[in-house]
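The structure appears right after this line, and notes come after that.
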2 protein chains.
Amino acid sequence: MDGNRQQAIVDAAKKSLALFGYKGTTMDQVAKMANVSKGSIYNFFASKEDLFAVIVEDMVRELESVLHASVQNGQPVFTSLHHVMSDVLQFRQEHELLAKLYHEMHELGTAAANDAIRHIDDKVLSFIERLIRQAVQQDQLKPCDPEITAFLFMRFYIALVSEWSERHEPLDNEMISHLFQFYFVQGLGISS
Amino acid sequence: MDGNRQQAIVDAAKKSLALFGYKGTTMDQVAKMANVSKGSIYNFFASKEDLFAVIVEDMVRELESVLHASVQNGQPVFTSLHHVMSDVLQFRQEHELLAKLYHEMHELGTAAANDAIRHIDDKVLSFIERLIRQAVQQDQLKPCDPEITAFLFMRFYIALVSEWSERHEPLDNEMISHLFQFYFVQGLGISS
DNA sequence: AAATGACCGAATAACGATTTTGGTCATCTG
DNA sequence: CAGATGACCAAAATCGTTATTCGGTCATTT
(Lines give C-alpha, C1' and ligand atoms only; values in the text may rest on other atoms or scores of the structure.)
Protein backbone atom coordinates (compact mmCIF):
# COMPACT_ATOMS: atom_id res chain seq x y z
CA MET A 1 0.00 0.00 0.00
CA ASP A 2 2.46 2.58 1.15
CA GLY A 3 6.06 2.30 0.15
CA ASN A 4 6.59 5.61 1.86
CA ARG A 5 4.62 6.55 4.94
CA GLN A 6 5.79 10.12 4.99
CA GLN A 7 4.57 10.71 1.46
CA ALA A 8 1.22 9.16 2.28
CA ILE A 9 0.85 11.59 5.16
CA VAL A 10 1.78 14.57 3.02
CA ASP A 11 -0.63 13.48 0.29
CA ALA A 12 -3.46 13.02 2.73
CA ALA A 13 -2.76 16.37 4.33
CA LYS A 14 -2.75 18.09 0.97
CA LYS A 15 -6.06 16.53 0.08
CA SER A 16 -7.62 17.45 3.39
CA LEU A 17 -6.28 21.01 3.28
CA ALA A 18 -7.64 21.47 -0.22
CA LEU A 19 -11.02 20.12 0.87
CA PHE A 20 -11.48 21.67 4.30
CA GLY A 21 -8.84 24.39 4.63
CA TYR A 22 -6.35 24.76 7.47
CA LYS A 23 -8.83 25.15 10.30
CA GLY A 24 -10.97 22.38 8.91
CA THR A 25 -8.30 19.68 8.73
CA THR A 26 -7.50 17.89 11.95
CA MET A 27 -4.56 15.65 12.62
CA ASP A 28 -6.98 12.77 13.22
CA GLN A 29 -8.49 13.41 9.82
CA VAL A 30 -5.09 13.39 8.15
CA ALA A 31 -4.14 10.19 9.98
CA LYS A 32 -7.32 8.48 8.87
CA MET A 33 -6.91 9.56 5.25
CA ALA A 34 -3.32 8.41 5.24
CA ASN A 35 -4.21 5.09 6.88
CA VAL A 36 -1.79 5.82 9.63
CA SER A 37 -2.07 6.39 13.34
CA LYS A 38 -1.93 9.93 14.58
CA GLY A 39 1.23 9.25 16.55
CA SER A 40 3.05 8.28 13.38
CA ILE A 41 2.60 11.73 11.90
CA TYR A 42 4.69 13.10 14.74
CA ASN A 43 7.57 10.82 13.76
CA PHE A 44 7.95 12.93 10.62
CA PHE A 45 6.55 16.32 11.53
CA ALA A 46 6.97 18.29 14.71
CA SER A 47 3.54 19.88 14.63
CA LYS A 48 0.54 20.69 12.48
CA GLU A 49 2.23 23.95 11.58
CA ASP A 50 5.35 22.10 10.53
CA LEU A 51 3.43 19.70 8.32
CA PHE A 52 1.64 22.65 6.78
CA ALA A 53 4.90 24.51 6.22
CA VAL A 54 6.32 21.55 4.32
CA ILE A 55 3.27 21.46 2.08
CA VAL A 56 3.42 25.19 1.46
CA GLU A 57 7.06 24.77 0.49
CA ASP A 58 5.99 22.13 -2.03
CA MET A 59 3.49 24.56 -3.44
CA VAL A 60 6.07 27.32 -3.67
CA ARG A 61 8.34 25.00 -5.63
CA GLU A 62 5.50 24.20 -8.03
CA LEU A 63 4.83 27.88 -8.48
CA GLU A 64 8.49 28.61 -9.11
CA SER A 65 8.60 26.07 -11.90
CA VAL A 66 5.49 27.66 -13.41
CA LEU A 67 7.14 31.07 -13.16
CA HIS A 68 10.32 29.93 -14.85
CA ALA A 69 8.36 28.21 -17.60
CA SER A 70 6.24 31.26 -18.29
CA VAL A 71 9.05 33.58 -19.28
CA GLN A 72 10.58 32.79 -22.64
CA ASN A 73 13.89 34.44 -23.35
CA GLY A 74 13.98 36.92 -26.16
CA GLN A 75 10.50 38.23 -25.52
CA PRO A 76 10.05 41.89 -24.58
CA VAL A 77 9.85 42.42 -20.83
CA PHE A 78 6.28 43.60 -20.87
CA THR A 79 5.16 40.46 -22.62
CA SER A 80 7.01 38.38 -20.05
CA LEU A 81 5.48 40.34 -17.19
CA HIS A 82 2.03 39.88 -18.59
CA HIS A 83 2.62 36.16 -19.02
CA VAL A 84 3.93 35.81 -15.51
CA MET A 85 0.97 37.52 -13.91
CA SER A 86 -1.49 35.69 -16.11
CA ASP A 87 0.07 32.37 -15.15
CA VAL A 88 0.15 33.26 -11.49
CA LEU A 89 -3.55 34.05 -11.54
CA GLN A 90 -4.30 30.83 -13.37
CA PHE A 91 -2.18 28.92 -10.87
CA ARG A 92 -4.21 30.50 -8.09
CA GLN A 93 -7.47 29.45 -9.64
CA GLU A 94 -6.51 25.94 -10.67
CA HIS A 95 -4.48 24.95 -7.67
CA GLU A 96 -7.24 23.77 -5.37
CA LEU A 97 -5.22 24.02 -2.18
CA LEU A 98 -4.03 27.54 -2.92
CA ALA A 99 -7.51 28.65 -3.93
CA LYS A 100 -8.89 27.20 -0.69
CA LEU A 101 -6.27 28.99 1.39
CA TYR A 102 -6.94 32.23 -0.40
CA HIS A 103 -10.61 31.85 0.37
CA GLU A 104 -9.95 30.91 4.01
CA MET A 105 -7.73 33.94 4.48
CA HIS A 106 -10.45 36.28 3.26
CA GLU A 107 -13.39 34.57 4.97
CA LEU A 108 -11.95 33.44 8.29
CA GLY A 109 -8.71 35.36 8.45
CA THR A 110 -6.84 32.20 9.51
CA ALA A 111 -3.33 33.24 10.44
CA ALA A 112 -1.67 30.20 8.88
CA ALA A 113 -3.46 30.80 5.58
CA ASN A 114 -2.39 34.43 5.73
CA ASP A 115 1.25 33.52 6.15
CA ALA A 116 1.11 31.00 3.33
CA ILE A 117 -0.40 33.48 0.91
CA ARG A 118 2.11 36.12 1.92
CA HIS A 119 4.90 33.62 1.34
CA ILE A 120 3.59 32.90 -2.15
CA ASP A 121 3.13 36.58 -2.94
CA ASP A 122 6.65 37.32 -1.80
CA LYS A 123 7.95 34.70 -4.20
CA VAL A 124 6.06 36.23 -7.10
CA LEU A 125 7.16 39.69 -6.10
CA SER A 126 10.83 38.82 -5.93
CA PHE A 127 10.60 36.95 -9.23
CA ILE A 128 9.14 40.01 -10.91
CA GLU A 129 11.72 42.19 -9.23
CA ARG A 130 14.48 40.06 -10.77
CA LEU A 131 12.83 40.25 -14.17
CA ILE A 132 12.66 44.01 -13.96
CA ARG A 133 16.25 44.31 -12.78
CA GLN A 134 17.40 42.30 -15.80
CA ALA A 135 15.27 44.40 -18.13
CA VAL A 136 16.80 47.58 -16.80
CA GLN A 137 20.29 46.21 -17.28
CA GLN A 138 19.44 45.29 -20.86
CA ASP A 139 18.08 48.79 -21.51
CA GLN A 140 14.62 47.38 -22.11
CA LEU A 141 13.28 49.51 -19.28
CA LYS A 142 14.03 52.96 -17.97
CA PRO A 143 16.33 52.97 -14.96
CA CYS A 144 14.13 52.55 -11.89
CA ASP A 145 14.01 51.05 -8.43
CA PRO A 146 13.17 47.39 -9.17
CA GLU A 147 11.55 46.81 -5.78
CA ILE A 148 9.13 49.70 -6.04
CA THR A 149 8.45 48.93 -9.67
CA ALA A 150 7.68 45.28 -8.95
CA PHE A 151 5.43 46.30 -6.09
CA LEU A 152 3.51 48.82 -8.19
CA PHE A 153 3.27 46.39 -11.06
CA MET A 154 1.60 43.78 -8.88
CA ARG A 155 -0.80 46.28 -7.32
CA PHE A 156 -1.67 47.54 -10.76
CA TYR A 157 -2.36 44.05 -12.02
CA ILE A 158 -4.43 43.04 -9.03
CA ALA A 159 -6.39 46.29 -9.32
CA LEU A 160 -7.26 45.50 -12.91
CA VAL A 161 -7.97 41.81 -12.50
CA SER A 162 -9.69 41.53 -9.13
CA GLU A 163 -10.62 44.88 -7.69
CA TRP A 164 -12.16 46.36 -10.83
CA SER A 165 -14.46 43.36 -11.04
CA GLU A 166 -15.88 44.04 -7.59
CA ARG A 167 -17.99 46.80 -9.04
CA HIS A 168 -17.78 46.48 -12.83
CA GLU A 169 -17.84 43.93 -15.60
CA PRO A 170 -14.58 41.97 -15.53
CA LEU A 171 -12.00 43.01 -18.10
CA ASP A 172 -10.88 40.31 -20.50
CA ASN A 173 -7.28 39.25 -20.86
CA GLU A 174 -6.68 41.23 -24.02
CA MET A 175 -8.10 44.39 -22.48
CA ILE A 176 -5.91 44.00 -19.41
CA SER A 177 -2.85 43.56 -21.55
CA HIS A 178 -3.78 46.67 -23.49
CA LEU A 179 -4.44 48.77 -20.39
CA PHE A 180 -1.22 47.63 -18.86
CA GLN A 181 0.66 48.72 -21.99
CA PHE A 182 -1.25 52.00 -22.14
CA TYR A 183 -0.87 53.14 -18.54
CA PHE A 184 2.21 51.47 -17.22
CA VAL A 185 4.45 51.45 -20.25
CA GLN A 186 3.55 54.48 -22.30
CA GLY A 187 2.27 56.69 -19.52
CA LEU A 188 -0.57 59.14 -19.55
CA GLY A 189 1.40 62.23 -20.40
CA ILE A 190 1.17 63.87 -23.78
CA SER A 191 4.42 62.92 -25.46
CA SER A 192 5.95 66.17 -26.58
CA MET B 1 -28.15 76.22 26.31
CA ASP B 2 -29.56 74.90 23.06
CA GLY B 3 -31.12 77.28 20.62
CA ASN B 4 -31.38 74.29 18.32
CA ARG B 5 -32.02 70.82 19.69
CA GLN B 6 -31.45 69.11 16.39
CA GLN B 7 -28.00 70.59 16.08
CA ALA B 8 -27.15 69.58 19.64
CA ILE B 9 -28.11 66.01 18.80
CA VAL B 10 -26.04 65.99 15.64
CA ASP B 11 -23.05 67.46 17.46
CA ALA B 12 -23.30 64.93 20.25
CA ALA B 13 -23.62 62.09 17.76
CA LYS B 14 -20.58 63.30 15.84
CA LYS B 15 -18.55 63.44 19.02
CA SER B 16 -19.67 60.02 20.12
CA LEU B 17 -19.07 58.48 16.70
CA ALA B 18 -15.58 59.96 16.57
CA LEU B 19 -14.84 58.63 20.04
CA PHE B 20 -16.45 55.19 20.00
CA GLY B 21 -17.26 54.40 16.38
CA TYR B 22 -20.64 53.35 15.01
CA LYS B 23 -21.04 50.18 17.03
CA GLY B 24 -19.80 51.90 20.14
CA THR B 25 -22.24 54.79 20.15
CA THR B 26 -25.67 54.11 21.53
CA MET B 27 -28.72 56.26 21.24
CA ASP B 28 -28.77 56.58 25.02
CA GLN B 29 -25.21 57.82 24.91
CA VAL B 30 -26.05 60.41 22.25
CA ALA B 31 -29.08 61.54 24.21
CA LYS B 32 -27.02 61.99 27.36
CA MET B 33 -24.27 63.90 25.57
CA ALA B 34 -26.85 66.15 23.91
CA ASN B 35 -28.70 66.71 27.21
CA VAL B 36 -31.83 65.47 25.60
CA SER B 37 -34.09 62.51 26.16
CA LYS B 38 -33.78 59.57 23.83
CA GLY B 39 -37.30 60.01 22.57
CA SER B 40 -36.47 63.50 21.36
CA ILE B 41 -33.90 62.17 18.96
CA TYR B 42 -36.68 60.34 17.17
CA ASN B 43 -38.51 63.59 16.58
CA PHE B 44 -35.74 64.55 14.19
CA PHE B 45 -34.31 61.27 12.96
CA ALA B 46 -36.12 58.12 11.98
CA SER B 47 -33.43 55.75 13.19
CA LYS B 48 -29.82 55.42 14.23
CA GLU B 49 -28.99 54.73 10.60
CA ASP B 50 -30.77 57.87 9.54
CA LEU B 51 -28.93 60.00 12.07
CA PHE B 52 -25.70 58.47 10.90
CA ALA B 53 -26.55 59.07 7.25
CA VAL B 54 -27.15 62.77 7.94
CA ILE B 55 -23.76 63.02 9.62
CA VAL B 56 -22.04 61.22 6.78
CA GLU B 57 -23.69 63.63 4.37
CA ASP B 58 -22.25 66.50 6.40
CA MET B 59 -18.84 64.92 6.11
CA VAL B 60 -19.22 64.45 2.38
CA ARG B 61 -20.06 68.13 2.03
CA GLU B 62 -16.97 69.08 4.03
CA LEU B 63 -14.88 66.84 1.82
CA GLU B 64 -16.33 68.30 -1.33
CA SER B 65 -15.39 71.79 -0.25
CA VAL B 66 -11.86 70.56 0.45
CA LEU B 67 -11.76 68.96 -2.99
CA HIS B 68 -12.90 72.09 -4.75
CA ALA B 69 -10.44 74.21 -2.80
CA SER B 70 -7.53 71.96 -3.61
CA VAL B 71 -7.62 72.32 -7.38
CA GLN B 72 -6.49 75.69 -8.60
CA ASN B 73 -7.33 76.47 -12.19
CA GLY B 74 -4.45 76.88 -14.55
CA GLN B 75 -2.30 74.24 -12.90
CA PRO B 76 -1.28 71.16 -14.89
CA VAL B 77 -3.61 68.19 -14.31
CA PHE B 78 -1.00 66.08 -12.63
CA THR B 79 -0.31 68.74 -10.09
CA SER B 80 -4.02 69.05 -9.41
CA LEU B 81 -4.38 65.30 -9.06
CA HIS B 82 -1.52 65.14 -6.64
CA HIS B 83 -2.99 67.98 -4.60
CA VAL B 84 -6.38 66.35 -4.54
CA MET B 85 -5.09 63.01 -3.30
CA SER B 86 -2.78 64.61 -0.82
CA ASP B 87 -5.65 66.65 0.60
CA VAL B 88 -7.95 63.64 0.69
CA LEU B 89 -5.41 61.68 2.69
CA GLN B 90 -4.87 64.57 5.05
CA PHE B 91 -8.63 64.90 5.43
CA ARG B 92 -8.76 61.24 6.33
CA GLN B 93 -6.13 61.58 8.98
CA GLU B 94 -7.29 64.80 10.54
CA HIS B 95 -10.99 64.20 10.46
CA GLU B 96 -11.39 62.19 13.63
CA LEU B 97 -14.74 60.74 12.72
CA LEU B 98 -13.61 59.57 9.31
CA ALA B 99 -10.42 58.12 10.72
CA LYS B 100 -12.41 56.25 13.35
CA LEU B 101 -14.80 54.87 10.75
CA TYR B 102 -11.93 53.81 8.57
CA HIS B 103 -10.44 51.97 11.50
CA GLU B 104 -13.75 50.39 12.47
CA MET B 105 -14.32 49.15 8.94
CA HIS B 106 -10.96 47.39 8.92
CA GLU B 107 -11.06 46.04 12.46
CA LEU B 108 -14.70 45.12 12.97
CA GLY B 109 -16.06 45.20 9.44
CA THR B 110 -19.08 47.19 10.60
CA ALA B 111 -21.46 47.44 7.66
CA ALA B 112 -22.44 51.04 8.31
CA ALA B 113 -18.80 52.12 8.44
CA ASN B 114 -18.20 50.24 5.22
CA ASP B 115 -21.00 52.04 3.45
CA ALA B 116 -19.86 55.43 4.71
CA ILE B 117 -16.30 54.89 3.52
CA ARG B 118 -17.53 53.65 0.17
CA HIS B 119 -19.71 56.72 -0.14
CA ILE B 120 -16.71 58.97 0.53
CA ASP B 121 -14.50 57.04 -1.86
CA ASP B 122 -17.11 57.28 -4.57
CA LYS B 123 -17.19 61.02 -4.17
CA VAL B 124 -13.42 61.27 -4.52
CA LEU B 125 -13.46 58.89 -7.44
CA SER B 126 -16.08 60.79 -9.37
CA PHE B 127 -14.34 64.08 -8.63
CA ILE B 128 -11.10 62.73 -10.04
CA GLU B 129 -12.96 61.28 -12.99
CA ARG B 130 -14.34 64.73 -13.79
CA LEU B 131 -10.88 66.24 -13.48
CA ILE B 132 -9.48 63.70 -15.88
CA ARG B 133 -12.31 64.13 -18.34
CA GLN B 134 -11.65 67.87 -18.45
CA ALA B 135 -7.93 67.30 -18.88
CA VAL B 136 -8.55 65.01 -21.84
CA GLN B 137 -10.81 67.59 -23.45
CA GLN B 138 -8.14 70.24 -23.00
CA ASP B 139 -5.51 67.94 -24.56
CA GLN B 140 -3.58 67.86 -21.33
CA LEU B 141 -3.96 64.09 -21.21
CA LYS B 142 -3.99 61.34 -23.78
CA PRO B 143 -7.48 60.22 -24.76
CA CYS B 144 -8.48 57.54 -22.27
CA ASP B 145 -11.44 56.08 -20.41
CA PRO B 146 -11.83 58.53 -17.50
CA GLU B 147 -13.50 55.97 -15.27
CA ILE B 148 -10.76 53.38 -15.56
CA THR B 149 -8.09 56.05 -15.35
CA ALA B 150 -9.55 57.53 -12.18
CA PHE B 151 -9.85 54.06 -10.68
CA LEU B 152 -6.26 53.15 -11.47
CA PHE B 153 -5.05 56.50 -10.29
CA MET B 154 -6.60 56.01 -6.88
CA ARG B 155 -5.30 52.45 -6.54
CA PHE B 156 -1.86 53.65 -7.52
CA TYR B 157 -1.94 56.39 -4.96
CA ILE B 158 -3.22 54.20 -2.16
CA ALA B 159 -0.61 51.59 -3.01
CA LEU B 160 2.15 54.16 -2.64
CA VAL B 161 0.84 55.92 0.42
CA SER B 162 -0.66 53.16 2.56
CA GLU B 163 0.18 49.71 1.28
CA TRP B 164 3.87 50.29 0.70
CA SER B 165 4.20 51.41 4.30
CA GLU B 166 2.85 48.09 5.57
CA ARG B 167 6.22 46.51 4.91
CA HIS B 168 8.61 49.36 4.16
CA GLU B 169 9.63 52.78 5.34
CA PRO B 170 6.90 55.25 4.36
CA LEU B 171 7.60 57.36 1.30
CA ASP B 172 7.59 61.09 1.82
CA ASN B 173 5.32 63.43 -0.08
CA GLU B 174 7.97 64.56 -2.52
CA MET B 175 8.96 61.00 -3.33
CA ILE B 176 5.34 60.04 -3.95
CA SER B 177 4.87 62.98 -6.27
CA HIS B 178 8.01 61.96 -8.13
CA LEU B 179 7.02 58.30 -8.42
CA PHE B 180 3.58 59.27 -9.60
CA GLN B 181 5.10 61.42 -12.32
CA PHE B 182 7.61 58.74 -13.24
CA TYR B 183 5.31 55.73 -13.50
CA PHE B 184 1.90 57.10 -14.25
CA VAL B 185 2.70 60.04 -16.46
CA GLN B 186 5.88 59.19 -18.34
CA GLY B 187 5.53 55.44 -18.34
CA LEU B 188 8.21 52.81 -17.98
CA GLY B 189 8.83 52.22 -21.65
CA ILE B 190 11.99 53.40 -23.33
CA SER B 191 10.84 56.41 -25.34
CA SER B 192 11.93 55.76 -28.88
C1' DA C 1 -46.96 70.29 20.65
C1' DA C 2 -43.02 68.68 22.21
C1' DA C 3 -40.18 66.33 25.61
C1' DT C 4 -39.56 62.49 28.64
C1' DG C 5 -38.10 57.96 30.31
C1' DA C 6 -40.18 53.50 31.57
C1' DC C 7 -40.82 49.82 28.77
C1' DC C 8 -40.56 46.13 24.90
C1' DG C 9 -38.61 42.65 21.81
C1' DA C 10 -34.69 41.58 19.45
C1' DA C 11 -29.97 41.37 19.27
C1' DT C 12 -25.66 40.72 21.67
C1' DA C 13 -22.62 39.40 25.36
C1' DA C 14 -21.35 36.52 29.20
C1' DC C 15 -20.90 32.29 31.12
C1' DG C 16 -20.28 27.54 32.03
C1' DA C 17 -20.77 22.90 30.28
C1' DT C 18 -19.37 19.93 26.69
C1' DT C 19 -16.78 18.55 22.79
C1' DT C 20 -12.95 18.77 19.86
C1' DT C 21 -8.15 19.05 18.78
C1' DG C 22 -3.12 19.22 18.81
C1' DG C 23 0.14 16.73 20.94
C1' DT C 24 2.20 12.89 24.25
C1' DC C 25 3.58 8.51 25.82
C1' DA C 26 3.17 3.88 27.80
C1' DT C 27 2.36 -0.14 25.38
C1' DC C 28 2.35 -3.24 21.66
C1' DT C 29 4.21 -5.45 17.34
C1' DG C 30 6.83 -7.07 13.30
C1' DC D 1 13.94 -2.74 19.56
C1' DA D 2 12.61 0.81 16.06
C1' DG D 3 8.67 2.31 15.03
C1' DA D 4 3.66 2.17 14.99
C1' DT D 5 -0.46 2.65 17.85
C1' DG D 6 -4.41 4.81 20.16
C1' DA D 7 -5.94 5.90 24.90
C1' DC D 8 -5.11 9.94 27.19
C1' DC D 9 -4.34 15.00 28.54
C1' DA D 10 -4.61 19.93 28.74
C1' DA D 11 -5.95 23.71 26.08
C1' DA D 12 -8.97 25.58 22.91
C1' DA D 13 -13.12 25.77 20.31
C1' DT D 14 -18.24 25.11 20.25
C1' DC D 15 -22.67 25.14 22.04
C1' DG D 16 -26.70 26.21 24.77
C1' DT D 17 -28.51 29.08 28.05
C1' DT D 18 -28.99 33.08 30.72
C1' DA D 19 -28.25 38.02 31.48
C1' DT D 20 -27.57 42.41 29.54
C1' DT D 21 -27.75 45.94 26.23
C1' DC D 22 -29.69 48.48 22.55
C1' DG D 23 -32.76 50.51 19.10
C1' DG D 24 -37.11 52.03 19.01
C1' DT D 25 -42.05 53.09 21.03
C1' DC D 26 -45.59 55.45 23.51
C1' DA D 27 -48.40 56.74 27.49
C1' DT D 28 -47.63 60.44 30.37
C1' DT D 29 -45.90 64.93 31.65
C1' DT D 30 -44.59 69.68 30.84
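Chain naming here is simple, since letters A, B, ... match the order of the sequence lines and numbering starts at 1 in each.
Closest to the side chain of A:K38, from the set D:dT25, D:dT5, C:dG22, is C:dG22. You'll find that the side chain of B:V36 is closest to C:dT4, out of C:dT4, C:dG23, D:dG23.
One finds a side-chain N or O of B:S40 lying less than 4.0 angstrom from the OP1 or OP2 phosphate oxygen of C:dT4. Not one side-chain nitrogen or oxygen of B:R5 sits closer than 4.0 Å to the OP1 or OP2 atom of C:dA1.
We find that OH of B:Y22 is positioned 11 Å from C1' of D:dC22, with the value rounded to whole Å. In this structure, A:I41 atom CD1 and C:dC25 atom P are separated by 17 Å, rounded to whole Å. Distance OH (A:Y42) to C1' (C:dC25): 13 Å, rounded to an integer number of Å. The CZ atom of A:F44 sits 12 Å away from the C1' atom of D:dA2 (whole-angstrom rounding). Rounding to whole angstrom units, NZ of residue B:K48 and P of D:dG24 are separated by 8 Å. Protein atom CE of B:M27 is 16 Å distant from nucleotide atom P of D:dC26, rounded to whole Å. Atom C1' of nucleotide C:dG22 and atom CZ of A:F52 are separated by 16 Å, given to the nearest angstrom. Atom CG in B:N35 sits roughly 15 Å away from atom C1' in C:dG5 (whole-Å rounding).
In A:E57, the CD atom is crowded: over 12 heavy atoms of neighbouring residues, nucleotides or ligands sit closer than 6.0 Å.
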Practice prompt. Please test A:Y102 against A:H106 for ring pair (Phe, Tyr, Trp, His ring centres under 6.0 Å), starting from the C-alpha separation and ending with a verdict.
Written response: CA-CA 6 Å; A:Y102 202 75; A:H106 275 80; 4.9 Å; yes
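Residues A:D122 and B:R167 form a side-chain contact, since some pair of their non-hydrogen atoms from C-beta on lies under 4.5 Å apart.
Under a cutoff of 6.0 Å and an axis angle of 45°, A:K142 and B:Y183 do not form a cation-pi pair.
Using a 4.0 Å heavy-atom cutoff across all strands shown, B:K32 reaches no nucleic acid atom at all. A:T26 comes within contact range of the sugar-phosphate backbone alone, with a heavy-atom separation under 4.0 Å but no base atom that close.
Atom OH of A:Y22 is separated from atom CG of A:L108 by 13.5 Å, given to the nearest 0.5 angstrom.
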